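Please read the structure below before turning to the comments.
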Amino acid sequence: MPDVTPPTLTNADLARVLHEIGDLLEVKGELVFKSVAYHRAADAVERSPHDLVVAYRAGDPPDVPGVGRAIADKLAELATTGRLGYHDRLLEEFPPTLLDLLRLPGLGPKTVRLIYTELRIATLDDLRAAAEAGRLRNLRGLSAATERRLLEAIAGAAARTRRLHLDEGEAIVERLIAALGTVSGVRRVVAAGSFRRRRETIGDLDLLAETDDPDRLVERFVTLPGIAEVLARGSHKAAVRLERGPQVDLMLMPPGEAGAYLVHFTGSKEHNVRLRAIARDRGWSLSEKGFVRIGADGEPLVGPDAELLTFGTEAEVYAFLDLEFVPPELREDRGEVEAAGTGRLPRLVDLADLRGDLHSHSDWTDGVHSIEAMAETARRRGHAYQVLTDHSVSLAITRGMAPDRVLLQRRVLAALNARYAAEEAAGTAPPETPPEGFRLLHGCELEIRADGRLDFDDELLASFDVVVAALHQGRRQSRAELTARCLVAIRSPHVDVLAHPAGRMIGERDDLELDWDVLYEEAARSGTALEINGSPHRLDLAAERARRAVELGCLVAIDSDAHRTSEFDHLRWGVSQARRAWIGPQVVVNTRDRAGLIAWTRRRRGSP
DNA sequence: GCCGTTTTCGGCCCGACTGTTTTCAGTCG
C-alpha cells in the first residue's frame with residue numbers, strides 16, 4: 001500500500017500556488033482580471049487567520065474574501081490531495097522557470113511570453129546566452145539596448161533581493177530628506193510608501209516632495225552621492241538605485257495640493273483601488289493629482305471641462321469620499337475602508353500612551369550597557385517604569401542568571417530606586433520624569449526549557465515584579481511539543497508576558513510551528529499578555545497574528561527588548577506594529593501606570 | 001475569476017516613464 005497521505009501544507013503554501021497560477025496566466029495572456037483575481041485570492045489566503053488546509057479537509061472552509069467558487073474548488077483539491085491538476089497543466093504549458101524571468105525588472109509577462117514562444121527561452125541562463133549572442137534584437141520591440149538592460153538585470157538580480165528592516169529604511173530616508181530639503185524651491189520632503197505604512201520590511205523607498213522648482217530638485221536627486229544608477233527621470237518623478245541599497249523613487253507635487261499625492265503614494269495599492277472604486281461610484285475619477293468628474297461616456301472629462309479638484313491634506317481627500325481619516329498603518333484593504341465609511345475605525349495605540357517597557361537587558365547577561373545606564377535612558381524618555389528582564393540561568397549563551405545573581409541584582413535595583421526617590425523628593429530628577437516618578441522594576445526573561453519546565457521555581461518567580469517567558473532552545477521540536485511548552489508558561493500564574501511568541505527573525509528564521517488559536521485562547525483565558533517585540537528584526541507577533549489574538553481576547557505588551565541604550569527607540573516599531581494590528585491602548589498592559597501594572601501582576605499571582 | 005441595497009452580467013484604478021516608435025505598447029508603482 002503506497003503512502004497516500006498528502007503533505008501538510010500551510011496557508012503560505014496555498015498562496016504560493018495561487019500566485020504562481022496568477023503569474024502563469026499573465027504570461028499566457030489571459031484576461032488580466034483573471035490573474036489579478038488569483039493574486040488577490042492568494043494574498044487573502046496567506047493572511048487568513050484560519051488554517052485553511054485543516055478547514056478544507058474538514059469540509060468546512062471559512063469565507064475568504066476574493067475566493068469564489070472556482071478558486072475554492074481548487075483549494076479543496078490542493079488541501080485534500082496536495083496537488084492541483086489545473087496548476088500542473090499550466091506548468092506543462094509554461095515551465096516554472098519562466099517565473100524567474102518575470103522577476104527581472106523591466107521584463108514583463110508580454111515579453112516573457114514572446115521570447116518563450118519565439119525562442120524557447122525559459123531560464124535565466126538561456127536568456128543570458130541569447131542576450132550575449134544578440135539573438136533577442138530580432139524580436140519585435142526588442143533591441144540591442146534591451147539585451148544590455150537584461151544582462152544588467154540578470155547580473156544584479158541576486159543583490160537586489162534583500163529587503164530592508166524598518167530601522168535601515170529610516171536611516172536612508174532621513175539622510176535623503178536632509179539632503180533634498182535644502183534644495184531651493186523645496187517646501188517639504190516626506191516619506192511615503194510601505195515605509196510610511198510601517199510594513200515589516202521595505203523593498204524600495206518612496207519620497208514625496210512639494211516644490212516650486214521640480215527640475216532643480218530632480219537634478220539634485222539624481223546626482224546625490226551614493227547613487228549607483230539613475231533608473232528614470234522625468235518632470236513628475238525620478239527613480240534611482242543606491243549603491244548597496246534599495247531603489248528610491250522621488251515623486252514631485254505642486255505646492256498646496258499634497259492630499260491626493262500622499263494618499264496615492266502611501267498606498268497600499270489595494271487600499272487605493274478601493275478608494276478609486278468609491279470615487280468612481282460617485283462620479284469621480286481619483287488619481288494622484290486629485291479628482292476629475294467622469295463624463296457620460298464613463299471616462300474622466302478631458303480638456304477645458306476637466307477641472308481638477310485638489311486638496312491640501314489627506315484628511316480632506318478621505319472626507320470628500322465620506323470616509324474617516326485612515327492612519328497609514330491600516331491602509332492594506334483589510335477592512336479599514338469599510339470601517340472608515342461607518343465611523344468605526346479604532347483609536348489606535350500611540351507611543352505616548354506607553355508608560356513603561358516590560359522587556360530590557362543589561363550587561364549582567366547579554367546586554368551591552370550597565371543597569372544604571374539603561375535606567376537613565378529609560379528615565380529620560382519620561383517613562384514611569386522600566387522592567388529589567390535579564391535572562392534566566394539555562395540560556396547559557398547569554399550568561400543567564402542563577403538565583404543567587406538574581407538576588408544580587410535586586411539589591412542594585414533597590415539602591416538605584418532609592419536614589420531616584422530622593423532626587424524626585426529634592427526636585428533634582430530629570431525634567432522628563434512623570435508625576436508618579438520613575439522606578440526600575442525587577443523582572444526576568446524566563447527560559448522555557450526544551451523539556452517543557454520553567455527555569456526558576458515558583459517561589460523565586462513570585463518575587464519578581466514582572467516575568468516575561470520565552471523559548472529560545474529546542475526550536476525544532478514538533479508543533480505539539482512546542483505548543484505544549486508555550487502553554488506551560490501561559491498557564492503559570494507567575495508568567496505575565498509571553499515574549500516574542502513566534503520566535504522569528506525577519507528574513508532569517510521562520511515562525512515557530514504552533515497551534516496559534518489554542519495559544520491565543522489559553523492566553524486570553526489566563527490573562528497572560530502576548531508580546532509585540534519592537535526589535536525591527538523581530539516585530540513578533542506579526543500584525544495579522546496580533547490582530548487575531550486580540551480579537552480572541554488577548555492582552556498584549558509592547559516592548560523594546562533593548563540590549564543597549566539606543567534600542568529603547570525600538571518601542572516605536574512595536575507601536576507601529578500594534579497599530580497595524582488594529583490595537584488600541586486599552587488592551588496594551590504597559591499603557592497602565594506603575595501602580596496599575598503592579599496591581600495587574602499581583603492579581604495574576606493570586607496575592608493581594 | 002470575483003462580485004453585487006445601483007448589477008447574476010458586465011463591470012473590474014490610474015498615470016508616468018521608457019524604448020522603439022512614427023502614435024503606442026509594455027512595465028511599473
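Throughout, a chain's letter reflects where its sequence line sits, starting with A, and its residues are numbered from 1. Nothing here was measured: the structure is a model prediction, and the numbers come from that model. Worth knowing before you read on, the calculation uses all heavy atoms, side chains too, and leaves out hydrogens, waters and symmetry mates.
- Here, B:dG1 and B:dT6 have their C1' atoms 22 Å apart, quoted to the whole Å.
- Contact annotation: A:Arg40 side-chain N/O to B:dC3 OP1/OP2 distance is not under 4.0 Å.
- Considering only heavy atoms from C-beta on, A:Leu164 comes within 4.5 Å of A:Pro246 through its side chain.
- Annotation: salt bridge (charged side-chain N to carboxylate O under 4.0 Å, His left out) contacts involving residues 133-144 of chain A, sequence neighbours excluded, comprise A:Arg137-A:Glu147.
- One atom, CD1 of A:Ile21, and another, P of B:dG1, lie 10 Å apart when rounded to the nearest Å.
- For A:Arg149, the side-chain atoms get nearest to B:dG19 when compared with the rest of B:dG15, B:dC2, B:dG19.
- Across residues 230-240 of chain A, A:Ala232, A:Arg233, A:Gly234, A:Ser235, A:His236, A:Lys237 each have a non-hydrogen atom less than 4.0 Å from an atom of DNA chain B (numbered order).
- Of all nucleotides listed (B:dG1, B:dG19, B:dT6), B:dT6 comes nearest to the side chain of A:Asp281.
- In this view, A:Arg216 and A:Asp213 satisfy the salt bridge (Lys or Arg N to Asp or Glu O under 4.0 Å) rule, not counting sequence neighbours.
- Going from atom CZ of A:Arg148 over to atom C1' of B:dG19 covers 12 Å, rounded to whole Å.
- Across B:dC17 and B:dG10, the matching P atoms stand 37 Å from one another, rounded to whole Å.
- Side-chain contact annotation: A:His87 with A:Glu20, donor-acceptor N/O pair under 3.5 Å present.
- Note: CD (A:Glu147) to C1' (B:dG19) measures 14 Å, nearest angstrom.
- By the salt bridge (Lys or Arg N to Asp or Glu O under 4.0 Å) test, A:Glu93 pairs with A:Lys28, sequence neighbours left out.
- Side-chain contact, A:His570 with A:Asp167: no donor N or O sits under 3.5 Å from an acceptor N or O.
- Rounded to an integer number of Å, the gap from NZ of A:Lys289 to C1' of B:dA16 is 9 Å.
- For DNA chain B, the residues of residues 261-274 of chain A within the heavy-atom distance limit of 4.0 Å (strictly under) are A:Lys269, A:Val273, sorted by number.
- Counting only N and O atoms by type, the side chains of A:Asp249 and A:Gln247 include a donor and acceptor under 3.5 Å apart.
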Please output the side-chain donor-acceptor pairs of residues 63-78 of chain A that fall under 3.5 Å, not counting sequence neighbours, one pair per line with the distance.
residue, atom, partner, partner atom, Å
A:Lys74, NZ, A:Tyr38, OH, 3.3
A:Glu77, OE2, A:Gly85, N, 2.8

Scan the side chains in residues 338-349 of chain A for donor-acceptor partners under 3.5 Å anywhere in the protein, sequence neighbours excluded, and list what turns up.
residue, atom, partner, partner atom, Å
A:Glu338, OE2, A:Arg274, NH1, 3.0
A:Glu338, OE2, A:Arg274, NH2, 3.1
A:Thr342, OG1, A:Glu338, O, 3.1
A:Thr342, OG1, A:Ala339, O, 3.4
A:Arg347, NH1, A:Asp353, OD2, 3.0
A:Arg347, NH2, A:Asp353, OD1, 3.0
A:Arg347, NH2, A:Asp353, OD2, 3.4

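- Side chains of A:Ser576 and A:Arg198: no donor on one and acceptor on the other come within 3.5 Å.
- No donor-acceptor contact under 3.5 angstrom links the side chains of A:His50 and A:Asp517, judged on distance only.
- A:Val67 comes within 4.0 angstrom of the backbone, heavy atoms only, and of no base.
- The CZ atom of A:Phe265 lies 9.5 Å from the CG atom of A:Asn272; values are rounded to the nearest 0.5 Å.
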B/S/- along nucleotides 21-28 of chain B (protein heavy atoms under 4.0 Å) is -----SSS

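- Less than 4.0 Å separates DNA chain B from no heavy atom of any residue of residues 311-333 of chain A.
- Of the residues in residues 125-135 of chain A, none lies under 4.0 Å from DNA chain B by heavy-atom distance.
- Separating the C1' atom of B:dT7 from that of B:dC12 is a span of 13 Å, rounded to the nearest Å.
- Residues that satisfy the salt bridge (Lys or Arg N to Asp or Glu O under 4.0 Å) test with A:Glu288, not counting sequence neighbours, are absent from this structure.
- The aromatic rings of A:Phe320 and A:Phe291 lie tilted to each other, with the angle between the two planes from 30° to 60°.
- Residue-to-nucleotide proximity on DNA chain B shows that, of A:Asp204 and A:Ala37, the 5′-proximal contact is made by A:Ala37.
- As rounded to the nearest Å, B:dG4 and B:dT8 have P atoms that lie 13 Å from one another.
- Atom CD in A:Glu338 sits about 13 Å away from atom C1' in B:dC3, given to the nearest Å.
- Taking atom CG of A:Leu250 as the reference point, atom C1' of B:dC17 lies 14 Å away to the nearest angstrom.
- Searching all strands for a Watson-Crick or G-U wobble partner of B:dT8 with both distances below 3.5 Å returns nothing.
- Neither OP1 nor OP2 of B:dG19 sits under 4.0 Å from any side-chain N or O of A:Thr146.
- When the nucleotides B:dG1, B:dA16, B:dC14 are ranked by their closest atom to the side chain of A:Tyr86, B:dG1 comes out on top.
- In this structure, CD1 on A:Ile532 lies 15.5 Å from CH2 on A:Trp573, to the nearest 0.5 angstrom.
- Remark: P of B:dG15 and CD1 of A:Ile294 are 10 Å apart, rounded to the nearest angstrom.
- Side chains of A:Asp13 and A:Thr10: a donor-acceptor N/O pair is present below 3.5 angstrom, by distance only.
- Between A:Ala41 and A:Arg280, the one whose closest nucleotide on DNA chain B sits nearer the 5' end is A:Ala41.
- Of the candidates B:dG1, B:dG15, B:dG29, the closest approach to any side-chain atom of A:Glu288 belongs to B:dG15.
- Non-hydrogen atoms lying under 4.0 Å from DNA chain B are contributed by nothing in residues 210-223 of chain A.
- Partner A:Glu200 forms a salt bridge (Lys or Arg N to Asp or Glu O under 4.0 Å) with one of A:Arg545, A:Arg504, A:Arg580 and no other, that one being A:Arg504.
- Counting any heavy atom pair closer than 4.0 Å across all strands shown, A:Leu286 reaches sugar-phosphate atoms only and no base atom.
- A gap of 10 Å separates the C1' atoms of B:dT21 and B:dA25, to the nearest Å.
- A:Trp582 places none of its side-chain heavy atoms less than 4.5 Å from the side chain of A:Val550.
- Atom-to-atom distance recorded for A:Leu119:CG and A:Leu127:CG is 9.5 Å, nearest 0.5 angstrom.
- In this model, no donor atom of one side chain and acceptor atom of the other lie less than 3.5 Å apart for A:Thr80 and A:Arg57.
- A salt bridge is absent between A:Arg148 and A:Glu132; no separation between the charged side-chain nitrogens and carboxylate oxygens falls under 4.0 Å.
- Distance CD (A:Glu229) to P (B:dC17): 17 Å, rounded to an integer number of Å.
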